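Because the structure is a prediction, the values reported are computed rather than measured.
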Amino acid sequence: MKTGQYLWDAARKENRRALPILSFPAVQKMENTVRELTSDSALQAEAMKIVHDLTPDSLASVSFMDLSVEAEAFGAQARFSDDEVPTITGQLISGEEDAEALSVPSVGAGRTGVYVEAIRKAKSLITDRPVFAGCIGPYSLAGRLMDVTEIMYLLYDEPDAVHTVLEKATEFLIDYISAFKEAGADGVVIAEPLAGLLSPKMNREFSVPYCERIVKSVQTEEFSVIYHNCGNTVMDLLDDIFALNAAAYSFGDCLDMAKVLEKAPKDALCLGNISPAGQFAGGTPDSIRKETTALLQAAAKYDNFIISSGCDIPPHAKWENILSFFEAVKAFEA
């Protein structure tokens, strides 16, 4: 399948279809915990199939946005719970010496093999739509290895150390995404939210070149990269983001999607941005229906837009809200 063309064809159709970042809420339909889900490839594939069956109008099946996996493979400490997505704690790298000593893990280290194998199994279960893997972006990975707060100081105090980590992070991510491709994935959602806290100058130095390298290394007609950023400074970063030449760009709910679309080149496919916390988890069927309809109306004149969630939909999001979102998309008439 030419995945990029598939997404563009969907965006240009009068009858809109949605592509939310939706996987973890499947846990509500299973007799398992989030902790178990993040460590078992068979459970992940089962969860993706559950979401697939409950959302027949979704454009694609999307794997789990667990942004602890890659850092854990490098040796960082992950914190697990039964109800929440795992997080990284502590600081693995504090300066140039640590950065130089950092080893690039092989794909399969930690739980990375679980996530690759989950895609392989999901592809055997889901045959009527693309299957997208998920992974973290290079700067966001560096932030988890160097601590998300400390890296902001290291950008100024020890920029060479940050670049050393970014080089190693990028090398690993290219290998990891290539493993997803080999397993049958039709694309990948790369989450780079930490770069959404940077100034344009810092983003151009510490995120863009590495993301660009990843896109050039892995993207083909059959395998699409969706770049995701839900940071607060993204409006100031849009020109550089759109220059990455990714197949599509996904944005968080802190942004006005109509303003993003005003600024976006016509050949930049944009996804977004119904609030995961405010609407999918905290809203009601009526409120998400209204919010979804309003966004579709605001974006009605653009044929480079696919409605989505503003980020990964959390495990506790209400299924009645998720289904109401899809119903609103299906019912919308421009």
Here the salt bridge (Lys or Arg N to Asp or Glu O under 4.0 Å) pairs for residues 122-143, sequence neighbours left out, are K123-D186
Here the pair of heavy atoms bringing N273 nearest to L255 is ND2-O, 2.9 Å
Indicate, with yes or no, if L59 and M1 share a hydrophobic cluster defined by side-chain heavy-atom contacts under 4.5 Å among Ile, Leu, Val, Met, Phe, Trp and Tyr. yes
Begin with the C-alpha distance, continue with both residues' side-chain angles, and end with the deciding distance and a verdict on side-chain contact (heavy atoms from CB on, under 4.5 Å) for L22 and T55. CA-CA 10 Å; L22 172 62; T55 59; 4.0 Å; yes
For F325, what residues pass the ring-ring contact (aromatic ring centres under 6.0 Å, His included) criterion, not counting sequence neighbours? F280
Mark yes when over 12 heavy atoms from residues, nucleotides or ligands other than Q28 sit less than 6.0 Å from its CD; otherwise mark no. yes
State, to 0.1 Å, how close A118 and Q44 come at their nearest heavy-atom pair, and which atoms those are. CB-OE1, 3.2 Å
Under the side chain to side chain donor-acceptor pair (under 3.5 Å) rule, collect the residues that match up with S207, sequence neighbours excluded. E192
List the steps, then state whether salt bridge (charged side-chain N to carboxylate O under 4.0 Å, His left out) holds for D9 with K13. CA-CA 6 Å; D9 289 346; K13 285 183 179 177; over 6 Å; no
Mind listing the closest non-hydrogen atom pair of A264 and C270 along with its distance? CB-SG, 3.8 Å
I need the full list of ring pair (Phe, Tyr, Trp, His ring centres under 6.0 Å) pairs touching residues 20-51, with sequence neighbours left out, sorted by first then second residue. F24-F64
Residues forming a ring-ring contact (aromatic ring centres under 6.0 Å, His included) with Y176, sequence neighbours excluded: F172, F180
Donor-acceptor pairs are to be reported for all side-chain atoms of residues 303-310 against protein atoms at under 3.5 Å, with residues two or more places apart or in another chain.
residue, atom, partner, partner atom, Å
N304, ND2, P265, O, 3.3
N304, ND2, A268, O, 3.0
S308, OG, L19, O, 2.7
S309, OG, I21, N, 3.0
S309, OG, C311, O, 2.7

Please check if the number of heavy atoms outside K290 that lie under 6.0 Å from its NZ is greater than 12. no
Counting only pairs under 3.5 Å, give me each side-chain donor-acceptor contact of residues 155-169, with atom names and distances, residues two or more places apart or in other chains.
residue, atom, partner, partner atom, Å
E158, OE1, E96, N, 3.1
H163, ND1, Y210, OH, 2.6
H163, NE2, E205, OE2, 2.9
T164, OG1, E96, OE2, 3.4
T164, OG1, D160, O, 2.9
E167, OE1, R213, NH1, 2.9
E167, OE2, R213, NH2, 3.3
K168, NZ, A99, O, 2.8
K168, NZ, E100, O, 2.9
K168, NZ, L102, O, 2.7

Please check if the number of heavy atoms outside N15 that lie under 6.0 Å from its CG is greater than 12. no
Can you get from V114 to I88 by hopping between Ile, Leu, Val, Met, Phe, Trp and Tyr side chains that sit under 4.5 Å apart? no
Closest non-hydrogen atoms of V51 and A26, given as atom of the first, atom of the second and distance, are CG2-CB, 3.7 Å
Could you go through S63 and V189, starting from their C-alpha distance and side-chain angles, then the distance that decides it, and tell me whether this counts as side-chain contact (heavy atoms from CB on, under 4.5 Å)? CA-CA 9 Å; S63 183; V189 181; over 6 Å; no
State which residues pass salt bridge (Lys or Arg N to Asp or Glu O under 4.0 Å) with K263; sequence neighbours excluded, sorted by chain then number. none
Got a sec, which residues hit side chain to side chain contact (heavy atoms under 4.5 Å, CB included) with A42, two or more places apart in sequence or on another chain? D40, K121
Hey, mind stepping through K181 and T220 against side-chain contact (heavy atoms from CB on, under 4.5 Å) and telling me if it holds? CA-CA 10 Å; K181 286 176 71 174; T220 65; 3.9 Å; yes
Determine whether E46 and K49 satisfy the following criterion, salt bridge (charged side-chain N to carboxylate O under 4.0 Å, His left out), listing intermediate values before the conclusion. CA-CA 5 Å; E46 179 188 346; K49 184 63 163 63; over 6 Å; no
What are the two closest heavy atoms between V27 and N32, and how far apart are they? CG2-O, 3.2 Å
Mind checking what makes side chain to side chain donor-acceptor pair (under 3.5 Å) contact with T284, not counting sequence neighbours? S287
List, one per line, each side-chain donor-acceptor pair under 3.5 Å for residues 230-240, sequence neighbours excluded.
residue, atom, partner, partner atom, Å
T233, OG1, G196, O, 2.7
T233, OG1, L198, O, 3.0
D240, OD2, R204, NH1, 2.9

What pair of heavy atoms forms the shortest contact from A71 to L145, and how long is it? O-CD2, 3.8 Å
Transitively linked via ILVMFWY side-chain contacts under 4.5 Å: M152 with V148? yes
When you group the ILVMFWY residues by side-chain heavy-atom contacts below 4.5 Å and let the links chain together, are L67 and F251 in the same group? yes
With sequence neighbours left out, which residue pairs that include part of residues 62-75 fulfil the salt bridge (Lys or Arg N to Asp or Glu O under 4.0 Å) condition? D66-R111, E72-R111
Identify whether I313 and L323 are in the same connected component of the hydrophobic contact network (ILVMFWY, side-chain heavy atoms under 4.5 Å). yes
